[in-house]
Amino acid sequence: MAFFHFSLVFFISSILLFNHSVKCDNDEEDVLFQGVNEYRASLNLTTLTKNENANCLAEQIADQFKNQPCTNTTGANTVPGTEPQFANYPELLTKCHLNISNTRDGSIMPACVPGLVPGIVLTNFTKSLYSQNLNDTKFTGIGIGSEDNWIVVVLTTTTSDGSFLPDTSGANFISTIGLVYCLMLLLVGNIIMF
Ligand SMILES: *[C@@H]1O[C@H](CO)[C@@H](O)[C@H](O)[C@H]1NC(C)=O
Ligand SMILES: *[C@@H]1O[C@H](CO)[C@@H](O)[C@H](O)[C@H]1NC(C)=O
Ligand SMILES: *[C@@H]1O[C@H](CO)[C@@H](O)[C@H](O)[C@H]1NC(C)=O
Ligand SMILES: *[C@@H]1O[C@H](CO)[C@@H](O)[C@H](O)[C@H]1NC(C)=O
Ligand SMILES: *[C@@H]1O[C@H](CO)[C@@H](O)[C@H](O)[C@H]1NC(C)=O
């Protein structure tokens, strides 16, 4: 009986958590990820692999742009080797356990597309100056974040200056737990659905 109650509570709280607080991934981001790699394949370039830390930074930066109109690109800085002009950029890096010395060679590319219509989002990257970075063989990893009408792509390299490897610390342990937790909830969600 006690086990039954425990199961019931676990079941209900899983549904609540699953519905309200877990957002493991996002459709527009996945579509863009695939689109960018198809574009790279068409140019015979290597596939970009997902980089969790770049992903985290992309989310943080998208969060800075959210609520800003598309015309306002204040803070955007698309030139590799220069940092975005957000006053709180160091803070955003810290949140993602990154150190500026490992992100300098990366490239941060924000775009604003009302409604984030997938086809338009992709051409925003492949048919603009951003294509210069997508065409570049030095980039090997990618992170994508979106908020509102904004979507941010962060490219990473294999060199230490652009690896987006975490700053030392045990903070990664927490994000691993977070990931496992997210996967577990997904699993529970699937069990409930089927
Ligand atoms: C990609 O490689 C294929 C086969 O080697 C070649 O036919 C094609 O022209 C290349 N495309 C580009 C854009 O370099
Ligand atoms: C543009 O964005 C910056 C940075 O978020 C903000 O300080 C500024 O007020 C915005 N300007 C307009 C016109 O929205
Ligand atoms: C980043 O890393 C460099 C080299 O490891 C170190 O000297 C610097 O203090 C670090 N910066 C921050 C903000 O942690
Ligand atoms: C994205 O595309 C829209 C429509 O083509 C354009 O107005 C906008 O400037 C583009 N943004 C970027 C960052 O390329
Ligand atoms: C990137 O490569 C494509 C295909 O070769 C080309 O059309 C485009 O102009 C290049 N972008 C830049 C900025 O050179």
Side-chain angles (χ1 to χ4, degrees), residues 25-93 95-96 98-166:
D25 222 322
N26 173 306
D27 284 350
E28 290 90 0
E29 295 169 16
D30 270 349
V31 171
L32 181 59
F33 173 71
Q34 280 160 21
V36 163
N37 273 328
E38 277 159 22
Y39 173 80
R40 299 256 309 175
S42 75
L43 299 178
N44 291 342
L45 297 171
T46 55
T47 302
L48 300 173
T49 55
K50 283 188 183 170
N51 178 311
E52 282 307 321
N53 300 310
N55 227 46
C56 171
L57 188 63
E59 292 290 352
Q60 294 296 329
I61 290 176
D63 203 52
Q64 299 297 301
F65 278 112
K66 135 182 117 169
N67 303 329
Q68 243 171 254
C70 280
T71 47
N72 187 358
T73 51
T74 307
N77 200 333
T78 61
V79 184
T82 50
E83 281 89 44
Q85 305 303 299
F86 294 118
N88 61 348
Y89 187 55
E91 220 173 279
L92 304 181
L93 288 174
K95 272 192 194 165
C96 296
L98 288 166
N99 179 326
I100 212 155
S101 66
N102 289 329
T103 57
R104 208 170 276 140
D105 271 359
S107 181
I108 297 171
M109 308 183 286
C112 188
V113 175
L116 291 184
V117 184
I120 301 180
V121 168
L122 181 60
T123 54
N124 257 60
F125 288 93
T126 58
K127 301 268 194 273
S128 69
L129 273 181
Y130 285 157
S131 68
Q132 193 184 331
N133 292 331
L134 297 182
N135 290 358
D136 199 327
T137 53
K138 84 171 178 187
F139 294 112
T140 53
I142 185 170
I144 302 176
S146 61
E147 282 286 345
D148 205 6
N149 291 330
W150 289 89
I151 191 154
V152 178
V153 171
V154 174
L155 298 180
T156 69
T157 68
T158 48
T159 61
S160 71
D161 276 1
S163 65
F164 279 66
L165 283 177

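Whatever order the structure lists them in is the order used to number ligands and atoms, beginning at 1. Keep in mind that the numbers below use all heavy atoms, side chains included, and drop hydrogens, waters and symmetry copies. Numbers here simply count residues along the sequence, with the first being 1. Not measured: the values here are computed from a predicted model.
Residues meeting the side-chain hydrogen bond (donor to acceptor under 3.5 Å, both in side chains) test with T137, sequence neighbours left out: none. Remark: D63 engages K66, E147 in a side-chain contact (heavy atoms from CB on, under 4.5 Å) (not counting sequence neighbours). For T47, the side-chain contact (heavy atoms from CB on, under 4.5 Å) partners at least two apart in sequence or on another chain are N37.
For the residue pair T157 / D105, no side-chain donor-acceptor distance below 3.5 Å is found, with atom types taken as modelled.
Taking a heavy-atom cut-off of under 4.0 Å, ligand 5 is surrounded by Y39, L43, S131, Q132, N135.
Counting atoms of ligand 1 from 1 in the listed order, those under 4.0 Å from a heavy atom of N44 are 1 (C), 2 (O), 3 (C), 8 (C), 10 (C), 11 (N), 12 (C), 14 (O).
Note on ring orientation: taking the six-membered ring where Trp is involved, the planes of F86 and F65 are perpendicular (angle over 60°, cut-offs 30° and 60°).
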* Asked: Run the side-chain contact (heavy atoms from CB on, under 4.5 Å) check on L155 and M109 step by step: do they pass?
  -> CA-CA 8 Å; L155 298 180; M109 308 183 286; 3.7 Å; yes
